[in-house]
Amino acid sequence: MVAKSWKVLLQDQMPEGWAEEIDVFDGQIELMKQGKLDEKVFAETRLRRGAYGQRYDNGQRHDGVETRALSYPDAALFKGPDTIWHAPGMLRIKIPFGGVTPRQMEVLSVLGQEYSDNILHVTTRQDIQLHYIHIEDTPDIMRRLAAVGITTREACGNSVRNVTCCPIAGVCRDEKFDTTPYANALAFFLLGHDDVQDFGRKFKIAFSGCSEHGCGLAKMHDLGFIARTKVIDGVTKRGFAMYVGGGLGTVPQQAKLLTDFASEEEVFPITQAVCRIFARLGEKRNRNRARIKFLVEKLGIEELRRLVKEELPTIPPDQRWTGYLEEVEQYDERPLKPSIHLNGQARPDGFDEWYGSNVYHQRQEGYATVTINLPLGDFTAEQGIRLADIARQYCGGHIRFTVEQNIVLRWISEADLPALYLDLKAEQLATPGAGTIVDITTCPGTDTCKLGIASSRGLAGELRTRLTAKSASLPDAIKSLRIKVSGCFNSCGQHHLADLGFYGNSRRAGNRKVPHFQVVLGGQWDDNGGSYGLAVGAVPAKRVPDVLDAITDHYANGRERGESFKSWVSRLGTRGARELIQPFMTLPVYEEQPQFFTDWGDVREYTIGDIGVGECAGEVVSLFSFEIAQAESQLFEAQIALDEGNFGRADELAYRAMVLAARSLVRVQFLDVGHETERIVEEFKSRFVETKLFYDQYAHSKFANYFLDRHKRAEGVVVDREVAHHLIEEGQLFIEAVHSCEAKLTGLASAN
Amino acid sequence: MIPQRIKIKFFAKGDQPVEAELFVAIFHGWIRNQLISDILLIDVADYKHVPNGPGVMLIGHQADYAVDYADGRPGLLYVRKRQHADSFEEDVRLALNHLVQSAELLAGQLDLNLDEAVVTIVDELAAPNSAETFDHFAPSVQAVFSDHFGRNALVERVENDTRLPIQLRVFFP
């Protein structure tokens, strides 16, 4: 049996440029293994390709008795500061607007089997995460994803993360219009864009089709879009209200209104302007204050509006600002089957309960969107494969992941619901209670996250089990509550938006630590994440179920007619809420309650010693360092081509490496140089060669001439081994000279 | 060639339910005492909440273990994933040895039927789920099991979804 490589098999099967990007990353892996790349640069590089670290990747783990070293092979090899090469990591896979085709679902599932633990995890940002991945497997995983149009690029790191969107965009009864094609177009417009490469922190974008519901959560994002229409000169124009500077994290903030109406033609340039301002003025040294929300706070929204207005005319025009509208026009999600109402069909056992919670009647008559309520956002590869088939059979393959860590199937003809229910049930995918109190959102927490303080998944699993057991007897007012759990104060579980939110922390009892959760009440999901909950006090993790019962009982018995939980919490006030949980806040005594000193789902005595350095903040790497690393990887690829006897390709790659290196230097002075080689060469010549900035006191202009001579080399030159080899050597020297020049410029800039 | 992953699973005897919860503590103990020689044991991953899922997993560097519930049949699963042996046959032998070793460690807590196993070869590129793949790998699997247990093993292909990895059922008549 002859096995080719995925690299060879798939190189022509992916969007333009993607194969090369992945090959460059593959090359960087090799360079890192050879110790030829800076750890921080590689860490940021892999983060920008979605390859994240996981808990214990510093090689230390507390086993319940003491912290012991994990004896990985090649222990001196690292993939980032304090991150051991062979330690399992996580791969985050971007799914713009959460939408996947059945084919994409199949590929994701197979990858979960082949490289991970057979589990696919839906995140609170509509991504998929695979855990326990080895860094050396990531290029092939990326290739296989790319071949079906999925990227991991900028899933992590200091750039634009996944663009999310209401999972019922296009079928929602209340939306202004379908925001799906806008979310998709913006996601790919910004992917790898020059203006998003120099952020100090991550940047999250969300789209919502309406103001009143929560699905899009536009107001808690760095940049949020809410669909609007406006009549201009008698014509109804589509556009968006744009909000900027929202975010949860340690200090949650509501986004501010940047503009109440930006037309379809304006949203891309305005977004670009915001990104450029963030890159230029955003904090980069203090990671804790580097999100755009802090910049908005510092400047004020009026000043930001002024800066955006000032920035717009400086941006080189881009035909994609309006070019995407053609795709929007053509975007048309169609059902597979005609709509037929559910009229008297036999209803299987369990159907009614499922129908009551998991089925949303679309605005398109006779169609429904079905939610698959996943336990803690997890499903197996086998379930994924079957779901692909089910989606093909019932709805034309329209599948989306949701920020509540579920899956929706859209365009189900209502008459098919009983049969669909049975098919889902056969795959254990028909759990009722979607969007109710049993449908708990949680971040990975201490299971895999280096920053986790307490076990969010352990707690969520326990609450889910208990609530499911008694859900039939819960009053409707309780059933409709939302619970969200985060493993720490960084809010990846979005606990601020829940009716009942919890985030992990710890307290000392004697000379031991006890896992705790801070109780946060009365967050608002509606109104696009309209307001944040009130922190009322921390309780031991093992008391949270009792706290939940106390609060919900009190609410059920004490609420006024029709009073929402949020209103009830407001009426109760901080003091009242605190009094409610006070009896549960007492610190346990180890000798009497040893079970409090272990966390949910764990048997080890609890410690905070396993908390590591998170990678969510990425690495502070200068734009130049990041970009010159790409040039170095390209040169490495050239060397490989030379070794393989592919001299023409080696020559071409070496030349491209020099172009990239020149570009990285030009961008130190001029960010908008673009990607056209002629422009790059001209700017390099005028800024650095003619000014003698790129000049060696002994070699004079020799290194610059290596590049310029190759650039103007006539067509038809026969490239043999010697020619290719020379160019690679010259390329290396050119790159070294670029480094020296940048260092000189930076020194000059610091001196000034 | 060595596939990306080789999995071997023995099934629990009888119809008694297997309580995955018990194995959380057991696997943490294995890590504390590094009980499996030449496998670096790293962490426990709890997937009890996933129906017919991997149950409770013990994540290692070279291999993972799981008290696994795929297809509704609980059992002990071993997944060889790194530092493979020099040949497929040797890798299966290595995997089987580790699995049997861990089965012995779990004696009394998880009763396994050693007369039947499923070997899963996970590598879409090098081992697509096909008759050709079965013909290529089955003899090695048969040889390893026969050799280990000292009696003639039979191997048949499991009829499963060909989008999923190929599975070989090994049994002793």
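Only heavy atoms go into these numbers, but all of them, side chains included; no hydrogens, no water, no symmetry mates. The chains referred to below are lettered A, B, ... by the order of the sequence lines, with proteins before strands, and numbering in each begins at 1.
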Heavy atoms only, distances under 4.5 angstrom: which of B:Val44, B:Val50, B:Val24 has the most pairs with chain A? Name it, please.
B:Val50
Close contacts, residues 136-144 of chain A versus chain B, judged by heavy atoms under 4.5 Å
A:Glu136, A:Asp137, A:Arg144
At a heavy-atom separation under 4.5 Å, does B:Gln62 approach chain A through its side chain, its backbone, both, or neither?
neither
What is the minimum heavy-atom distance between A:Arg457 and B:Tyr47, and which atoms define it?
NH2-CE2, 3.6 Å
Mind checking the CG-CG spacing from A:Asp63 to B:Leu41? Nearest 0.5 Å is all I need.
12.0 Å
Chain B interface, residue from A:Leu376, A:Thr465, A:Leu9 that has the most non-hydrogen pairs under 4.5 Å:
A:Leu376
Heavy-atom pairs under 4.5 Å with chain B - which of A:Glu66, A:Arg386, A:His131, A:Glu106 has more of them than the others?
A:Glu106
Using the rule given for side chain to side chain contact (heavy atoms under 4.5 Å, CB included), can you reason through A:Glu114 versus B:Glu124, listing the C-alpha separation, both sets of side-chain angles and the distance that settles it, and then say yes or no?
CA-CA 8 Å; A:Glu114 200 163 322; B:Glu124 191 184 9; 3.6 Å; yes
Shortest non-hydrogen contact between B:His28 and A:Asp602, atoms and distance
NE2-OD1, 3.3 Å
Top contributor to chain B contacts, counting heavy-atom pairs under 4.5 Å, from A:Thr431, A:Leu374, A:Ile119:
A:Ile119
Can you tell if the side chain of A:Gln113 reaches within under 4.5 Å of the side chain of B:Lys7, non-hydrogen atoms only?
yes
What I'd like to find out is whether the side chain of B:Leu40 reaches to under 4.5 Å of the side chain of A:His86, using heavy atoms alone.
no
Answer with side chain, backbone, both or neither: which region of B:Arg5 has an atom nearer than 4.5 Å to a non-hydrogen atom of chain A?
side chain
I'd like to know whether CD of A:Gln595 has more than 12 heavy-atom contacts from other residues, nucleotides or ligands below 6.0 angstrom.
yes
Just checking, is any N or O donor in the side chain of A:Tyr132 or B:Asp64 under 3.5 Å from an acceptor N or O on the other one?
no
Please determine, among A:Thr380, A:Val110, A:Asp117, A:Val65, the option with the most heavy-atom pairs under 4.5 Å with chain B.
A:Asp117
Around atom CG of B:Asp38, are there more than 12 heavy atoms from other residues, nucleotides or ligands closer than 6.0 Å?
yes
Please look at B:Asp123 and chain A and tell me whether the side chain, the backbone, both or neither of the residue comes under 4.5 angstrom of a heavy atom of that chain.
both
Count the heavy atoms belonging to other residues, nucleotides or ligands that lie under 6.0 Å from CG of B:Asp71, then report whether that count exceeds 12.
no
Among A:Glu427, A:Glu382, A:His134, A:Arg464, which residue forms the greatest number of heavy-atom pairs with chain B at distances under 4.5 Å?
A:His134
A:Tyr56 OH to B:Ile31 CD1 distance, which is reported to the nearest 0.5 Å
8.0 Å
A:Arg55/B:Asp43 ion pair, N-O < 4.0 Å
no
Which heavy atom of B:Pro51 sits nearest a heavy atom of A:Gln383, and at what distance?
O-NE2, 4.4 Å
Do B:Ile42 and A:Pro88 touch side chain to side chain, with heavy atoms closer than 4.5 Å?
yes
A:Pro73 versus B:Gln83, closest heavy-atom pair with distance:
CG-NE2, 3.4 Å
Trace of the side chain to side chain contact (heavy atoms under 4.5 Å, CB included) decision for A:Arg68 with B:Gln34
CA-CA 11 Å; A:Arg68 291 183 215 261; B:Gln34 288 292 319; over 6 Å; no
Counting C-beta onward and ignoring hydrogens, is there a side-chain heavy-atom pair between B:Arg163 and A:Ser109 closer than 4.5 Å?
no
